[in-house]
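Both backbone and side-chain heavy atoms feed into the values below; hydrogens, waters and symmetry mates do not. These figures come from a predicted structure and were not determined experimentally.
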Amino acid sequence: MLNNKTIAVVVPAYNEETQLGIVIDTMPDFVDRIIVVNDCSTDRTAEIVKGYIARGEKGVFIPKANRKIEKTFFNQADIVACEMFQEEERNMTPFTVVNDNDEDRIVLIEHKRNARVGGAIATGYLWCRNHNIDCTAVMAGDAQMDPAELQSICSPVIEHRIDYVKGNRLSHKSASRLIPRKRRFGNSILSALTKIASGYWFISDTQTGYTAISLRALQKLELDKIYPTYGVPNDILIKLNIHKCSLCEVPIKPVYAIGEQSKMRIKKVIPTVSMLLLKGFVKRIWQKYFITDFHPISLFYFLGAVGFVASLYFFAYILSGLGSHSVSNGTYFGFVTSLLSSFLFNGMAMWMDIIDNDKLQHIYHEEEIH
């Protein structure tokens, strides 16, 4: 526990027999539950975790939350919310909790089919939400996250009531030398796109999976709709912004060349995640700034999109008529006007978006975190 608040760490694991023991052995004492989600590994991952469970290490007593609600005249909304939680659980990847004990410190959850990293995190989140864990962190099963930094990741959630905390490897002095060039390049592109899509304009290193989330934010996420692959951190940021959740970044060390084997392919990840971000951006603007609470941001982004499409139309028309000299001055004027209008409206929308979301982002110095 930290400040009498329960702490759990979700460890998504797929074929991590060589690294998973390191993660478990080095987990800080203040962690009340280590939730290992075995995503249909074909190696000895499950066997290794069962060996640790057999040692009988106990944690604080954490019972499953009682979701039963007696109907009254005023609590229909609570009953519906409870039914929505249950519906999410039914829609998720089928799983089995191997040791469903209220005191075991290590909990092994086994997927019945491979759900990839996002699905594994969602299942771990579900267990923590069902047990009302105050702060839930995520650490990969490949030991690329320094456990000594876990307290700095969790502290803003516990001490400052921040909804979501993420590590930032790029702020470390060694980043330019330790992080492979291709990964750093891909991370930079996706970070820039994620700023626009998520509304958290002052974040970087969006692909890090070292995070912590509050129970309040966890209850707002639709866990059955979390993106299943390597776009999961980007997807979660967009979803959290829609619900106006606060966020901060904590500097962490980049950890590489310790025996891990990356399963990510940059050439596939960038186009896939870019499409995810485009869809998420549209959903965020529509839901947050039009449906939930109308804001001129949605109008300006819409007008900017219209101007951009119009400029493409005029540009195509100009190209088709160059050889025949049939392009009028009005067509050139329409192209320039629509393109400038697009830049103007989109620029205004981004400026308003930055101002509106500034209050959700917090920057803590090291002495404030510890």
Side-chain angles (χ1 to χ4, degrees), residues 163-164 186-204 206-207 217 220-222 225-227 231-247 249 269-322 324 326-362:
D163 291 312
Y164 193 69
N187 196 330
S188 298
I189 293 176
L190 293 177
S191 292
L193 295 176
T194 303
K195 290 173 185 283
I196 301 172
S198 70
Y200 294 116
W201 287 86
F202 301 106
I203 60 171
S204 59
T206 55
Q207 304 315 112
K220 290 181 177 295
L221 289 178
E222 295 178 276
K225 296 181 180 178
I226 287 180
Y227 194 69
V232 59
N234 316 80
D235 181 53
I236 288 177
L237 285 171
I238 294 171
K239 287 177 166 59
L240 290 173
N241 188 274
I242 291 174
H243 293 292
K244 300 181 180 180
C245 293
S246 56
L247 174 145
E249 286 190 326
V269 169
I270 290 182
T272 303
V273 177
S274 297
M275 183 55 63
L276 164 71
L277 292 173
L278 177 60
K279 293 178 180 178
F281 167 75
V282 173
K283 181 179 180 180
R284 178 177 74 88
I285 300 303
W286 171 257
Q287 190 169 329
K288 183 178 180 180
Y289 293 124
F290 190 83
I291 298 297
T292 303
D293 185 15
F294 179 78
H295 193 288
I297 291 173
S298 60
L299 178 61
F300 283 134
Y301 268 130
F302 173 74
L303 293 175
V306 171
F308 181 70
V309 172
S311 67
L312 291 179
Y313 170 79
F314 283 117
F315 183 68
Y317 189 81
I318 290 171
L319 288 180
S320 65
L322 285 178
S324 60
S326 60
V327 180
S328 65
N329 291 334
T331 302
Y332 286 112
F333 179 77
F335 168 71
V336 173
T337 302
S338 58
L339 187 61
L340 290 177
S341 297
S342 176
F343 280 123
L344 176 63
F345 285 124
N346 282 317
M348 286 293 294
M350 288 182 180
W351 177 68
M352 288 182 173
D353 203 16
I354 291 171
I355 292 176
D356 187 66
N357 287 287
D358 181 64
K359 59 182 178 291
L360 298 179
Q361 299 171 90
H362 300 261

A.B. asks: Heavy-atom distance under 4.5 Å between the side chains of Leu299 and Tyr289, does that happen here?
C.D. replies: no
A.B. asks: For Lys359 and His362, which heavy atoms make the closest approach, and how far apart are they?
C.D. replies: O-NE2, 3.6 Å
A.B. asks: Determine whether Ile226 and Val232 satisfy the following criterion, side chain to side chain contact (heavy atoms under 4.5 Å, CB included), listing intermediate values before the conclusion.
C.D. replies: CA-CA 7 Å; Ile226 287 180; Val232 59; 3.4 Å; yes
A.B. asks: Out of curiosity, Asn234 CG to Lys239 NZ, how far, rounded to the nearest 0.5 Å?
C.D. replies: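 Going from the CG atom of Asn234 to the NZ atom of Lys239 covers 11.0 Å.
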A.B. asks: Between Phe281 and Tyr301, how do the two ring planes meet: parallel, tilted or perpendicular, split at 30° and 60°?
C.D. replies: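 Taking Tyr301 first and then Phe281, their aromatic rings stand perpendicular (interplane angle over 60°).
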A.B. asks: May I ask you to decide if Asn241's main-chain N or O and Lys288's side chain share a donor-acceptor pair within less than 3.5 Å?
C.D. replies: yes
A.B. asks: Is a donor from one side chain sitting under 3.5 angstrom from an acceptor on the other, for Ser191 and Ser188?
C.D. replies: no
A.B. asks: Check side chain to side chain contact (heavy atoms under 4.5 Å, CB included) between Leu312 and all other residues, then give those that pass, not counting sequence neighbours.
C.D. replies: Phe308
A.B. asks: Distance-only, no hydrogens or angles: does the Asn346 side chain make a donor-acceptor pair with backbone N or O of Ser342 under 3.5 Å?
C.D. replies: yes
A.B. asks: Output the distance between atom CD1 (Ile196) and atom CD1 (Ile354), rounded to the nearest 0.5 Å.
C.D. replies: 9.5 Å
A.B. asks: Look only at the side chain of Glu249 and the backbone of Ser204, and say whether a donor-acceptor pair between them is shorter than 3.5 Å.
C.D. replies: yes
A.B. asks: Closest heavy-atom contact between Ser338 and Phe314?
C.D. replies: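 Heavy atoms only, the tightest pair is OG-CD1, 3.8 Å.
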A.B. asks: Within a reach of under 6.0 Å around CZ of Phe202, are more than 12 heavy atoms found that belong to other residues, nucleotides or ligands?
C.D. replies: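 More than 12 heavy atoms, drawn from other residues, nucleotides or ligands, come within 6.0 Å of this atom.
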A.B. asks: Where do Leu344 and Leu340 land on the side chain to side chain contact (heavy atoms under 4.5 Å, CB included) test, with the steps shown first?
C.D. replies: CA-CA 6 Å; Leu344 176 63; Leu340 290 177; over 6 Å; no
A.B. asks: Can you tell me how far CH2 of Trp351 sits from CG of Asp356, rounded to the nearest 0.5 angstrom?
C.D. replies: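 Those atoms lie 11.5 Å apart.
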A.B. asks: Atom CG of Leu303 and atom OG of Ser341: how far apart are they, to the nearest 0.5 Å?
C.D. replies: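 Leu303 CG to Ser341 OG: 9.0 Å, rounded to 0.5 Å.
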A.B. asks: Taking only residues two or more places apart in sequence, or in another chain, which ones meet Leu339 in a side chain to side chain contact (heavy atoms under 4.5 Å, CB included)?
C.D. replies: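 If we apply the side chain to side chain contact (heavy atoms under 4.5 Å, CB included) test to Leu339, skipping adjacent residues, the hits are Ser311, Phe335, Phe343.
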A.B. asks: Does some side-chain heavy atom of Leu193 sit less than 4.5 Å from a side-chain heavy atom of Leu278?
C.D. replies: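 The answer is no, as the side chains (C-beta and beyond) never meet within the 4.5 Å cut-off.
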A.B. asks: Starting from the C-alpha separation in whole Å, work towards a yes-or-no answer on salt bridge (charged side-chain N to carboxylate O under 4.0 Å, His left out) for Lys195 and Asp353.
C.D. replies: CA-CA 10 Å; Lys195 290 173 185 283; Asp353 203 16; over 6 Å; no
A.B. asks: Could you give the distance from OG1 (Thr272) to CG (Leu277), rounded to the nearest 0.5 Å?
C.D. replies: 11.0 Å
A.B. asks: I need the Ile297 CD1 to Asn357 CG distance, nearest 0.5 Å.
C.D. replies: 7.0 Å
A.B. asks: Any side-chain to backbone donor/acceptor pair from His243 onto Cys245? Under 3.5 Å, distance only.
C.D. replies: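 Looks like no, no N/O pair under 3.5 Å.
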A.B. asks: Between the side chain of Ser298 and the main-chain N/O of Phe290, is any donor-acceptor distance below 3.5 Å?
C.D. replies: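 No; zero donor-acceptor contacts below 3.5 Å.
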A.B. asks: Under the 3.5 angstrom rule, does the side chain of Arg284 hit a backbone N or O of Ala197 as a donor-acceptor pair?
C.D. replies: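 Here the side-chain-to-backbone pair exists.
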A.B. asks: Specify the closest pair of heavy atoms between Gln361 and Trp201, including all atoms of both residues, with the distance to one decimal.
C.D. replies: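 Minimum heavy-atom separation between Gln361 and Trp201: OE1-N, 3.3 Å.
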A.B. asks: Give a yes or no on whether a salt bridge exists between Asp235 and Lys283, defined as a side-chain N under 4.0 angstrom from a carboxylate O.
C.D. replies: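 No, Asp235 and Lys283 are not salt-bridged.
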A.B. asks: Using the side-chain contact (heavy atoms from CB on, under 4.5 Å) definition, which of the options Leu360, Thr206, Asp358, Thr194 pairs with Tyr200?
C.D. replies: Leu360
A.B. asks: Where the side chain of Gln207 meets the backbone of Leu190, is there a donor-acceptor pair that is under 3.5 Å apart?
C.D. replies: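 Side chain of Gln207 to backbone of Leu190, a donor-acceptor pair under 3.5 Å: no, none is there.
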A.B. asks: Does Ser246 use its side chain to pair, donor to acceptor, with the backbone of Asp163 at less than 3.5 Å?
C.D. replies: yes
A.B. asks: Quick one, Phe315 with Leu319, criterion side chain to side chain contact (heavy atoms under 4.5 Å, CB included). Give me CA distance, side-chain angles, the key distance, then yes/no.
C.D. replies: CA-CA 6 Å; Phe315 183 68; Leu319 288 180; 3.5 Å; yes
